[in-house]
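Counting begins at 1 with the first residue of the sequence. Just so you know, ligand 1 is whichever comes first in the structure, and atom 1 is the first atom listed for that ligand. The figures that follow rest on heavy atoms only: side chains count, while hydrogens, waters and symmetry mates do not.
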Amino acid sequence: MTVHTSGASAASSRTHIARRTVDSEHPTYWYKDAIIYQLHVRSFFDSSCDGIGDFKGLTQKLDHIVDLGVSAVWLLPFFPSPLRDDGYDISDYCGVNPDYGTLDDFRGFVEAAHAKGLRILVELVVNHTSDQHPWFQRARRAPKGSPERDFYVWSDTGHEYEDARIIFLDSETSNWAWDPVARAYYWHRFYSHQPDLNFDNPLVMREVKTILNFWLDLGVDGFRLDAVPYLVERENTTGENLDETHSVLKAIRAEIEARNPDCILLAEANQMPKDTIPYFGQGDECHMAFHFPLMPRLFMALAKEDGAPIAQVVEDTMRLPEPCQWALFLRNHDELTLEMVTEEEREDMWQFYATHRRLRINLGIRRRLASLVDGDRKRIELLNALLLSMPGTPVIYYGDEIGMSDNPFLGDRDGVRTPMQWSPDRNGGFSCAPSVSLYLPPVVDPLFGYEAVNVETQREIRSSLLNWMRWLIEVRNAHACFGRGDIRFIASGNSRLLAYTRCLPEEKVLCVVNLSETAQAANVDLSEHEGRVPVDLFGGCRFPPIGALPYQLTLPGRSFYWLRLSSQDEAPTVCEPCEGGGTKPELPDAQATRQTRAEARRQG
Ligand code: BGC
């Protein structure tokens, strides 16, 4: 049974999420109602003034995440690492990089986050290790054919598995690298300093289980499974999505299920739809998988002012095993990947979003959300409205809630991993270290730099992107149909207007998105909902009732509606605030901050 309570203030929205849905038959489906906030400990907040973010700093800043209204935090890798791939090159799976704090700091963080109602997801990066990992150092010295050597994948010739593509095209020319100590080649799907583990060796799986249990015992609520399509290699295959890889994932699932059935697995499988869906198995592999097929199509639809690419991919991917859910995202810590679109589509995306070569990496675009759309607030809002109303669980990348930009002059993908911009103060309020010690420079350009774009300023401005995002999230959180309902696209006769319903038996919402820069009108066939009254989820305004004839909708350029299709009885007789919406949530401390500042100014 699903029980809804009424909308609550933003400050209590997190507890609100936890209480809103009580699902007694399936208590472990919490992730279907979640919104995930992705962040890097090193980029968030530096409590020790050494220029690098840390767990204590992150713990201090948890209220920002709670105030946003999200319900889970996904942490990028924070384990000991030589940091040649920003932590995805792990040298110790059961520790914390000393730059970020200690295991006790991690414990403190998890405790504080849980107390505030936030779930924690960490990374499980076991396709490969760092070449500095003791397993690799031992393997390269161990006798050929020994179990220690066979922790990794070796070759005498470097000619096996030639059908496997190279992923890091800008930096690697082969998936094999020569190791002078082992006097053999080792296999790596990513950087050559990241040798792939050998899942044909049962000892590797034993270690993976130890790692899972270590973090489960520390209270984590989920794992993002990095680079899962490539776990196993076989001759005459692409080395991606193999049955053997799916068997490994089933074993991982069984392990976490036995220890904590509430814990989830989130797959990073950047594949075509037909190859991505199998990562859910029959509901016995990953609970969630990133919707890589949808992500580029959201941007394409906006660029082409045509909703068709979105509708097509969503329809192709909407049938999932019951406990499963897509994880939706616009941007993350990597490039906006264009591996799984046609060459023509990729070329169009580059032309539209990354005309300069410097803005590209491998087959993608290394820019943040705000800079991709030239800081255009309307397009940022539209993309977020799509993100929060498509079927799945939205994932928001840190800084995108305030419209942070990137620094294209930094190497690799560092340009989208710059320090969180907290205030207009030195180093954007991220750290009090001398700026020369910062792990990366903050963004300083006049449009997006921390003096213009930061949390402190946006908390005080009612119309800021941050406050708008909080409103959007609050409205979404108040309507279970966004996380759990089905989706149906409705022909609007105008390809620039994308119309779809999100429905549960007890709740129906109509979403209409105008992808065009200019005003659009359409006659939408809503006869199925005849007699219902559309009510705006944000302001509570009542629209004309739906009749037997097509329903006329007009929208200004790049705008959207979320309309509850209420019965005549439920609908307000006049425009009035409705559940979970109605008024833009005021931050509890905004007024207080204003007063304190005014006071300080008065006192000189
Ligand atoms: C991560 C990347 C990383 C790669 C290799 C990915 O899928 O998201 O940031 O470079 O794995 O570990």
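Counting atoms of ligand 1 from 1 in the listed order, those under 4.0 Å from a heavy atom of R413 are 2 (C), 3 (C), 9 (O), 10 (O). Ligand 1 places these atoms under 4.0 Å from at least one heavy atom of Q194: 12 (O).
Contacts with ligand 1 closer than 4.0 Å are made by no heavy atom of F290, backbone or side chain.
Both the sub-6.0 Å distance and the 45° axial angle are satisfied by R138 relative to the ring of F151. Both tests do not hold together for R253 against Y279: distance to the six-membered ring centre under 6.0 Å, angle to the ring axis within 45°.
Residue contacts with ligand 1 include R417, since one of its heavy atoms falls under 4.0 Å from the ligand. Put simply, part of R224 is less than 4.0 Å from ligand 1, judged by heavy atoms. The shell of residues lying under 4.0 angstrom from ligand 1, judged by heavy atoms, excludes Y191. Judged by the shortest distance from any of its heavy atoms, H128 lies inside the 4.0 Å radius around the atoms of ligand 1. The closest approach between any non-hydrogen atom of D85 and ligand 1 is below 4.0 Å.
Ranking protein heavy atoms by distance to atom 9 (O) of ligand 1, first place goes to D334 OD1, 2.6 Å. The nearest heavy-atom contact from the protein to atom 6 (C) of ligand 1 is D226 OD1, 3.1 Å.
The minimum heavy-atom distance between F430 and I52, with the atom names listed, is CZ-C, 4.1 Å.
The side chain to side chain contact (heavy atoms under 4.5 Å, CB included) test with H40 singles out one residue from Y397, Y439, Y100, F78, and that residue is Y100.
The six-membered or imidazole ring of Y152 lies away from that of W176, with a centre-to-centre distance of 6.0 Å or more. When ring centroids are compared, F214 and Y93 stay outside the 6.0 Å threshold.
Using the six-membered ring where Trp is involved, F109 and F55 have ring planes that are tilted, between 30° and 60° apart.
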